[in-house]
Asker: 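Please read through the structure below; I'll follow up with questions.
In what follows, every heavy atom counts, from backbone to side chain, and hydrogens, waters and symmetry copies are set aside. Because the structure is predicted, anything quoted here is derived from the model rather than measured. So that the names make sense, note that chain A is the first sequence line, chain B the second, and so on, each numbered from 1.
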Amino acid sequence: MSAKGFLKPKDDDFIPWTEDKLDVDAQKDTTFVYNSTPSLGLAAQRQKLPIFKTRDHILYMLEQFQVVIIVGETGSGKSTQIPQYLVEAGWCQEEGQMIGITEPRRVAATTLAARVAEEKHCPMGELVGYSIRFDEWFDRAKTKIKYMTEGILVREMMGDPLLKLYSVIMLDEVHERTAQIDIIMGLMKKILRKRRDLRVIISSATVDAEYIRDFFNANRTKDVSKDTAAIMSISGSNFSVEVFYLNEPCPNYVQSAVETVLKLHEREPPGDVLVFLTGMDEVDHCVTLLKERTSNKHSKHGLKIWPLPMYGSLPPQDQLKVFRPSLRGYRKIVVATNIAETSITIEGIVYVIDSGFVKLKWYNADTNVDALIVTEISQASAEQRAGRAGRTRPGQCYRLCREDDFQKLPLNTPPEMQRTDLSTAVLQLKALGIDNVVRFEFPSAPPSKNLMASLELLYALGAIDDNGLLTKPLGENMSELPIHPTLSKMLFSSTKFKCSREIAAIIAMLQIENIFIKPPGGQAGNRARVMKRKFEVAEGDHLTLLNVFNTYLKQKQWDIKLWCQQHFLKYKGLKRAEQLFEQLVRTLKRYDVPIQYSSDMDEIRRCIVSGLFPNAAYYHMSGSYRTIRGDIPLSVHPTSVLYTLKQPSWVVFTELAHSKKVHMKDITVIDPTWLEILAPHYYQKTTLQRSH
DNA sequence: GAGCACTGC
């Protein structure tokens, strides 16, 4: 059955291996006692889920252990069922106590809450509720099951350090190891020492279960009966997936993916295909190649192929196409970025082709910013991708590498904490009472170089003092805002420049990427360029964004969607910017910062420098920019308004994007004397003169 | 001449 060029691995259906391993471990830790309480009032449908037979087991484990790590595949129903079991078993009987469940994504929090509310036949926000930014639906008196995003729980910890509102916290999808979940786990370990009654359920899908158990296990003796954390596993309802490898390493995975699609298409029975590549360019290229190679060609099953791209920046109407079932006589080939690994699920996929690569954020301590780098995926990630083939029936996964090389891949993707800019996380930890972040028990310690760089930045911004303590009020106020510290500094210094309203607007706009729609080439492309030019100002991108935002607000009376369309602006993006803007204004008011309108563009630019001064660059005689500190060569990003204008001598930027070159994004033209005045502690006059 | 995916009182 296997397509040519692929070797069948030794009896290696990928699903059972984690499970077997973990089951053995769980058995070692404890003797299971099943109590036989009859489960009353449960819908028959719920009882059919694979998790149901382990219901009593889970409840038993929770009585024995403070922390229970549950390893289960998607489709086991753990995210919807466990909270209900807990309520049924009386874990929320105490007045006002709840079960809290964290999710890494907003959609997960809302859709899970909706499903559980439906199963419980209750209106949303009563017994079952959710809380995500800008949208919450729960009742302090009635809600017993609350789904939320991870960030929300971190915020709640700032006001309720022992999480007294909760009797059980369930952390879902912990294997994704977001920065927020690592903060939560580190703090949770401290909370558990103080609150013996609190229980934590950790749901994870991969091999890091043992690592997490050891992290939480408070038992330092050899006597396993004293363990406080244990693992149990739940089988899912996924079908088996047969895995194939290449005989020879492949030099070009896009090309190899195309060939694999074509071979598979000719030989294998009907069923849709999902191809994993790393970025938009590769996806578009692959789709083009597939279309070229297969015009009018039918497979032996009489099928034609229907290639579709899928990535985050694709217009929503095009994204929706991948969810449509294949037309009769067609085999759907979805060519996607990592978006299809966890964020979206496409039904009907039977074949997965995995390039083995992904673009990941990596912090660069030299430039002080995150860069996107094409990286080999981990084995765990590869399993997750393969699993996408087994959702409706047994599937196949073709890995575009040799099996030997696959075995050499890291088991897990490094947690976000070890890869990305830590300044926001460090500021949050300080606000959560962790004065010495170097000694904080991170589930996985970040590189100390990165930690030091973030402390240095926070110090330069004035958020922490000589002792590393949060300054009052600046550092404390900054930690409350869900934005990068350079931006929150900018916001709080806006009082001095009497332009808080405009700075809030600029920051809100910076949170939305690609506010300008770029139609694919031709006449529309030209019109879009003309429209964009209407908003552009020579001072740079920040003031251009302010211009767009202000003009948008003025249009409000009229048909705003049409206006956005005519000006090639994303209506949804602007709508969200407006929401963010209002939230920032509310926060400012809470701190008694007056909301001041300003039309003094120089003052606004000075205020921008007061936060972005660490990201300053000058025009070098070599014809490109250089960072003032470190002398790293930089270019203007093609989306910047400065790209087509005469290159100014001095700029500050918000972000860097690494591709072939390092590009500055969202730039403002500055006067170098502002750096001397606004950041004398950071730049010495001599450095600036040398650069000039 | 260029954009993995998320998130946040």
Side-chain angles (χ1 to χ4, degrees), chain A residues 102-109 131-136 148-159 173 176-184 276-284 310-314 336-344 355 357-362 370-375 377 381 384 413 416 419-420 424-425 427-428 431 477 479-484 487-488 507-508 511-518 521 525 529 576 579-580 582-591 635-640 642-644 655-666:
Chain A
T102 66
E103 296 294 332
R105 281 168 291 282
R106 296 160 57 94
V107 269
S131 177
I132 61 177
R133 192 185 189 189
F134 298 129
D135 186 12
E136 52 177 34
M148 65 197 118
T149 38
E150 291 160 353
I152 294 283
L153 188 66
V154 174
R155 299 280 148 192
E156 287 190 8
M157 283 169 151
M158 289 185 185
E173 314 275 6
E176 292 187 25
R177 296 297 297 275
T178 61
Q180 300 288 0
I181 208 71
D182 275 22
I183 290 178
I184 291 173
F276 284 100
L277 298 174
T278 73
M280 182 186 81
D281 280 350
E282 283 174 12
V283 167
D284 286 342
M310 178 72 204
Y311 43 80
S313 56
L314 203 65
T337 61
N338 214 34
I339 194 169
E341 188 177 306
T342 47
S343 304
I344 59 154
S355 66
F357 288 91
V358 67
K359 268 188 198 168
L360 280 184
K361 248 187 201 171
W362 286 92
D370 291 329
L372 276 175
I373 308 285
V374 175
T375 316
I377 61 169
S381 183
Q384 175 74 24
T413 310
E416 202 184 337
R419 303 181 344 241
T420 61
T424 311
L427 197 57
Q428 267 181 343
N477 292 354
S479 73
E480 296 268 335
L481 285 167
I483 50 179
H484 193 271
L487 300 181
S488 54
I507 293 173
Q511 311 303 306
I512 323 292
E513 72 253 71
N514 305 329
I515 202 80
F516 298 101
I517 295 169
K518 194 203 151 220
R529 230 165 293 137
R576 184 164 166 81
Q579 230 179 0
L580 290 158
E582 280 161 6
Q583 188 188 33
L584 290 174
V585 167
R586 274 199 303 276
T587 314
L588 287 174
K589 283 183 180 157
R590 201 147 39 92
Y591 296 123
S635 315
V636 175
H637 195 276
T639 54
S640 168
L642 296 179
Y643 189 78
T644 47
E655 215 184 316
L656 290 183
H658 293 230
S659 54
K660 281 175 199 159
K661 289 179 180 173
V662 185
H663 290 284
M664 301 180 278
K665 291 176 87 175
D666 296 316

Asker: Return the nearest nucleotide to the side chain of A:Q583; candidates are B:dT7, B:dC9, B:dG1.
Answerer: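 Closest of the options to the side chain of A:Q583: B:dC9.
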Asker: Let me know the distance between CZ of A:R576 and P of B:dC6, rounded to the nearest Å.
Answerer: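 Rounding to the nearest Å, CZ of A:R576 and P of B:dC6 are 12 Å apart.
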Asker: Give the nucleotide from the list B:dG1, B:dG3, B:dG8 with an atom nearest to the side chain of A:A657.
Answerer: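 Nearest nucleotide to the side chain: B:dG3.
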Asker: Considering heavy-atom distances to DNA chain B, does A:S343 or A:L481 have its closest nucleotide positioned more toward the 5' end?
Answerer: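 Final value for this comparison: A:S343.
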Asker: Looking at residues at least two apart in the chain, or sitting in another chain, which of them share a side chain to side chain contact (heavy atoms under 4.5 Å, CB included) with A:D370?
Answerer: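 Per chain and number, A:D370 pairs via side chain to side chain contact (heavy atoms under 4.5 Å, CB included) with A:K361, A:Y363, A:T420, A:D421.
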Asker: Measure from the side-chain heavy atoms of A:R155 and tell me the nearest of B:dA2, B:dC9, B:dG8.
Answerer: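 Nearest to the side chain of A:R155 among the choices is B:dC9.
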Asker: Students often get this wrong, so: under 4.0 angstrom with heavy atoms, is A:T178 touching a base, only sugar-phosphate, or nothing?
Answerer: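 If one applies the 4.0 Å heavy-atom cut-off, A:T178 turns out to touch nothing in the nucleic acid.
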Asker: Looking at every strand, decide which applies to A:N338 at a 4.0 Å heavy-atom threshold: base, sugar-phosphate, or nothing.
Answerer: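 The answer is nothing, as A:N338 stays clear of every strand by at least 4.0 Å.
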Asker: Please determine whether a side-chain nitrogen of the Lys or Arg among A:R105 and A:E176 lies less than 4.0 Å from a carboxylate oxygen of the Asp or Glu.
Answerer: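 Yes, charged N to carboxylate O under 4.0 Å.
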Asker: Rounded to the nearest Å, what distance is computed from the CZ atom of residue A:R586 to the C1' atom of nucleotide B:dG8?
Answerer: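 Atom CZ in A:R586 sits about 13 Å away from atom C1' in B:dG8.
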Asker: Look at all strands and tell whether A:R133 reaches a base, only sugar-phosphate, or nothing, counting heavy atoms closer than 4.0 Å.
Answerer: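 Result for A:R133 = base.
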Asker: Which residues pass the salt bridge (charged side-chain N to carboxylate O under 4.0 Å, His left out) test with A:E655, not counting sequence neighbours?
Answerer: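 Partners of A:E655 by the salt bridge (charged side-chain N to carboxylate O under 4.0 Å, His left out) criterion come out as none, since no residue qualifies.
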Asker: Rounded off to whole Å, could you give me the CZ-to-P distance for the A:R106 and B:dA5 pair?
Answerer: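 In whole Å, B:dA5 P lies 17 Å from A:R106 CZ.
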Asker: Might you work through the side chain to side chain donor-acceptor pair (under 3.5 Å) test for A:Q384 and A:T342, ending with a clear yes or no?
Answerer: CA-CA 8 Å; A:Q384 175 74 24; A:T342 47; 6.0 Å; no
Asker: Side chain of A:T149, heavy atoms from C-beta onward: which of B:dT7, B:dA5, B:dA2 has the nearest atom to it?
Answerer: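 Looking only at side-chain atoms, A:T149 lies closest to B:dT7.
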Asker: Between B:dA2, B:dG8, B:dC6, spot the one nearest the side chain of A:K361, thanks.
Answerer: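 Output: B:dC6.
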